[in-house]
Every structure is written in structure tokens, then in C-alpha cells.
Amino acid sequence: SYKLAGVISLIADKSGKVHYKNLLGYADVEAKTPIREDNVFWIASMTKMFAGASIMMLADEGKVSLDDPVTKFIPQLEKWMVVAEKDPSHVLLKPLVRPVTVRHVLSHTSGLTGMSELQQATGSDSTPLKARALSSVTGPLQWQPGDKYQYGNQGMNIAARIVEIISGMAYAEFLQQRFFDPLGMTETTFWPSEAQVARLAGAYGRNQEKNGYTRGGIAFLTKPYSDRVHRFPEAAGGLFSTPHDILRYGLMLANDGELDGRRYLSPAAMDELRKEQTGTTKANYSLGYHLRNGMFGHDGAYGTDLSVNPTTGMVTVFMVQCPGPDQWAARDLFLKTATQVFKQDAR
């Protein structure tokens, strides 16, 4: 049995009609509090979807191209070098054979390590995006841009910084005005209030004896989460949200970038988000979106997932807070079942 303390799963069509909804288990095991639809979840790497969508929104406005070098916006990154040889006694650096582009940072093919040296030292969310993006120059690229896919967080934070530079707005404000407010995503934020934190679903994995749960936390982020003075947006994994809000975003994706008469992304921009963007490495990844079994979306470290099937219009939301190790097996089983259930419903 998969040891998940509490799960919310939804299957909807692109009209927004929910075909299936299941709430199982507890938000708080110790207090026996059942999981509820208004529970708040740390959505971790699902945050990456918004970096890709923000860049594509600005591309629609003609302000950025996916093949623009990152240095067009952050010239200080001209100093990037690539590791050519490395052993305990020396590191040999060589110049880039091609520029790091916006496409590279959004598709994990830039050659950057997973986290900047600054983030490793100070924590993922305790420095502004500007400092975080500039600091990436200190850690050399591990291979030439475009040569290899390696999943990580640095690229998304650089992309978010580019959004700030182009739009002249703080990244969180850009997301608020362009996505969260118009989509009615009232609970999605980098800074959950104390009231929201009180509704945060507990993070549980199975204990070593495998007969109960061990409670975990969100080690990736700094407490208190509501602190807007000392905490900054982590564009690769900092958002909190609810099943309702994630469904709203999923419906916009399922409707080819449009929802309730408002267009967010052009059909051409949506095409970019749905197609594999990792060049010769051929990883199943787009621009902040996973590509899986004909679906696109993203998951987060604790097992949350949004998957959208552009062909059938199915939107699935899976919300759980499981630090491991059972979150992926459960998510995969849900998606497999959802695909079968949705087909039957459509007949």
C-alpha cells in the first residue's frame, strides 16, 4: 500500500466540469483532521510552469525571443566559462562555444548546476532574484550550452530575473497581475499568510517500521513563510497553492492559452510549451513543463501534479504532501487510472 497520509485528486474536462473528485486521508494525522479542499499545499517545482509561461507571454508581446542570449538582458553573465577538465588538483575552464539562451535556461540545457553557489550558502529563498541570477556566474557551466539536459533550479531563477528586467516589475507582482488575479488563483503565493499556513497540509512519509507516518517539513524554504522582508520568490520551487487554483491554471492550458474569454498565451506560445525543447538531448521536457504520455504539466517534490492532455482536454490535479518515497508511484497510478476513466466518460 502507498503510505500517503492525505490526497486530493481531480479529473476535469476543459469546460471545467469535474468528472471525478476524491479526498482521502488526513491533513493532520496526529489530530485526525481530514484533508479538505481548502488545504494549502507547497507545490514546489510546479512553480517552474509559471517561469515558462511568463517568458512566453513576453514573447507574445515581442519583448523576448527564446533564442535571445541571456546576456542580452544580464550582460554580467558574459563572464560564464565551461568546465573542460576537472580533478581534485585542478579545474580547466574554456569559453562558451555558443551563448546560453533563454530556451536553454528554461529547458535545463544551459550547463548550469542545480543551485547557485549563493543559494547553497544562504538558502533557496533568502536573496533577491537579481543577486541570485548574477551569482550564477561564479559557478562555471558544467558543459557547453545545449549539450546536455540536467534538471535543476538555477535556470528558472535566471528566467524569472529576465521577466523582471523586461517587464519592469517584481516577478511575484508579474505573476499576480498576469496570472493569479485574472485566473482567480486567490490562494497561490510565495508568502502564505499565517491563516494559510494554518491550512497547510502536513507533510508525511511512511515511517521506517512501515506501520505509520513520519512527519516532515519543507526544508527547502525558510520559516516563517509569510515573511516578505527576508524571503524572496524562488521561481523554481517556492509557490504554495490549492487544488482549485491549480485546476484554474490547468483549464487555461487545456483551452490553448485562453479561459473565460481572456487570452493569456497565443496558440503559438502554447505550441512552444507543449513541445520538447531540449535539442539533441531529447529529454521529455519543454520550457518549465514536463511532457508525459501525451500530457504536459509539472510535478513538485512532495508529489503534487498538474497534467493536461491537449488532445482529449483532460485536466488532472493531484495534491499530496509526501516527502517520499511513495509520491511518484501514487501519482503515476492516478494518471494511468485517470486516462482510462476519462476515456470511458467521453464515450
Side-chain angles (χ1 to χ4, degrees), residues 1-12 18-30 33-37 39-49 108 114 149-153 200-220 236-237 239-243 246-247 249-250 276 283-286 288-309 312 314-345:
S1 68
Y2 301 119
K3 297 289 180 205
L4 302 179
V7 181
I8 299 179
S9 48
L10 296 171
I11 305 171
V18 176
H19 292 237
Y20 170 91
K21 180 193 295 185
N22 200 5
L23 281 72
L24 285 173
Y26 299 104
D28 185 326
V29 169
E30 296 82 8
T33 313
I35 202 152
R36 296 204 320 250
E37 279 188 77
N39 280 129
V40 175
F41 296 78
W42 173 47
I43 63 167
S45 286
M46 291 174 79
T47 307
K48 293 176 168 76
M49 294 188 289
H108 307 293
Y149 169 90
Q150 182 170 305
Y151 185 79
N153 291 340
L200 195 59
Y204 296 95
R206 54 179 158 161
N207 62 14
Q208 277 174 323
E209 301 76 41
K210 299 189 178 166
N211 62 1
Y213 299 105
T214 303
R215 189 160 186 151
I218 305 168
F220 183 68
L239 284 173
F240 293 79
S241 192
T242 58
I246 296 302
L247 178 60
Y249 187 71
E276 188 262 294
N284 290 326
Y285 205 86
S286 167
Y289 293 77
H290 277 147
L291 307 174
R292 259 197 204 106
N293 307 325
M295 295 184 278
F296 75 117
H298 215 290
D299 48 26
Y302 280 9
T304 55
D305 186 87
L306 169 67
S307 291
V308 175
N309 187 319
T312 64
M314 178 180 77
V315 181
T316 64
V317 178
F318 191 70
M319 300 297 260
V320 63
Q321 299 281 266
C322 175
D326 302 302
Q327 69 272 52
W328 307 126
R331 189 271 319 268
D332 291 346
L333 185 65
F334 165 67
L335 286 178
K336 200 173 145 186
T337 311
T339 303
Q340 291 162 352
V341 170
F342 195 76
K343 271 191 195 131
Q344 288 165 349
D345 243 4

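Numbers for residues simply follow the sequence, beginning at 1. Just so we're clear, the structure is a prediction, and the values are computed from it rather than from any experiment.
- Taking the side-chain contact (heavy atoms from CB on, under 4.5 Å) definition, one finds that D332 meets it with nothing, sequence neighbours left out.
- Scanning for salt bridge (Lys or Arg N to Asp or Glu O under 4.0 Å) contacts around K336 gives an empty result, with sequence neighbours left out.
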Quick one: side chains of residues 39-47, donor-acceptor pairs under 3.5 Å with protein atoms, not counting sequence neighbours, listed by atom name and distance.
{"unit_1": "N39", "atom_1": "OD1", "unit_2": "R36", "atom_2": "N", "d": "2.6"}
{"unit_1": "N39", "atom_1": "ND2", "unit_2": "R199", "atom_2": "O", "d": "3.0"}
{"unit_1": "W42", "atom_1": "NE1", "unit_2": "G237", "atom_2": "O", "d": "2.8"}
{"unit_1": "S45", "atom_1": "OG", "unit_2": "K48", "atom_2": "NZ", "d": "2.8"}
{"unit_1": "S45", "atom_1": "OG", "unit_2": "Y151", "atom_2": "OH", "d": "2.9"}
{"unit_1": "T47", "atom_1": "OG1", "unit_2": "A44", "atom_2": "O", "d": "2.5"}
{"unit_1": "T47", "atom_1": "OG1", "unit_2": "G238", "atom_2": "N", "d": "3.4"}
{"unit_1": "T47", "atom_1": "OG1", "unit_2": "L239", "atom_2": "N", "d": "3.1"}

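- Distance CG/D326 to NZ/K210: 8.5 Å, rounded to 0.5 Å.
- Using modelled atom types, one side-chain atom of Y213 and one backbone atom of L4 make a donor-acceptor pair closer than 3.5 Å.
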Please test L247 against V315 for side-chain contact (heavy atoms from CB on, under 4.5 Å), starting from the C-alpha separation and ending with a verdict.
CA-CA 7 Å; L247 178 60; V315 181; 3.8 Å; yes
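- The side-chain hydrogen bond (donor to acceptor under 3.5 Å, both in side chains) search around Q150 returns none, not counting sequence neighbours.
- Rounded to the nearest 0.5 Å, atoms OG (S307) and NE2 (H290) are 9.5 Å apart.
- Closest approach of V308 to G250, counting heavy atoms only: CG2-O, 3.8 Å.
- The shortest heavy-atom contact between C322 and G205 is SG-CA, 4.4 Å.
- Contacts of F318 classified as ring pair (Phe, Tyr, Trp, His ring centres under 6.0 Å), with partners at least two apart in sequence or in another chain: F334.
- In this structure, S286 has no side-chain hydrogen bond (donor to acceptor under 3.5 Å, both in side chains) partners at least two apart in sequence or on a different chain.
- Taking all atoms of both residues into account, the shortest heavy-atom contact from G6 to I35 is C-CD1, 3.6 Å.
- Between the CZ atom of F342 and the OG1 atom of T312 there is a distance of 5.0 Å, given to the nearest 0.5 Å.
- For N22, the side-chain contact (heavy atoms from CB on, under 4.5 Å) partners two or more places apart in sequence, or in a different chain, are S9, Y20, L24.
- With sequence neighbours excluded, no residue satisfies salt bridge (Lys or Arg N to Asp or Glu O under 4.0 Å) with E209.
- Going from atom CG of L291 over to atom CD of E276 covers 7.5 Å, rounded to the nearest 0.5 Å.
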Show your reasoning for whether side-chain contact (heavy atoms from CB on, under 4.5 Å) applies to M295 and M314.
CA-CA 9 Å; M295 295 184 278; M314 178 180 77; 3.7 Å; yes
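- Within a 6.0 Å radius of OH in Y26, other residues, nucleotides and ligands contribute 12 heavy atoms or fewer.
- A203 and Y302 get closest at one heavy-atom pair: CB-CE2, 3.7 Å.
- Taking Q208 as the reference, nothing meets the side-chain contact (heavy atoms from CB on, under 4.5 Å) condition, with sequence neighbours excluded.
- Annotation: salt bridge (Lys or Arg N to Asp or Glu O under 4.0 Å) contacts of R292 (sequence neighbours excluded): D299.
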Mind running side-chain contact (heavy atoms from CB on, under 4.5 Å) on L335 and D305 for me, showing each step along the way?
CA-CA 10 Å; L335 286 178; D305 186 87; 4.0 Å; yes
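- Here the CG atom belonging to L23 is positioned 8.0 Å from the CG atom belonging to L10, to the nearest 0.5 angstrom.
- A donor-acceptor pair is defined here as one N or O able to donate and one able to accept, closer than 3.5 Å; such a pair exists between the side chain of Y204 and the backbone of V29.
- Here Y285 pairs with H108, H298 under the side-chain hydrogen bond (donor to acceptor under 3.5 Å, both in side chains) rule; sequence neighbours left out.
- Looking at residues two or more places apart in sequence or on another chain, you find a side-chain contact (heavy atoms from CB on, under 4.5 Å) between T214 and N207.
- Interatomic distance, E37 CD to K21 NZ, rounded to the nearest 0.5 Å: 3.5 Å.
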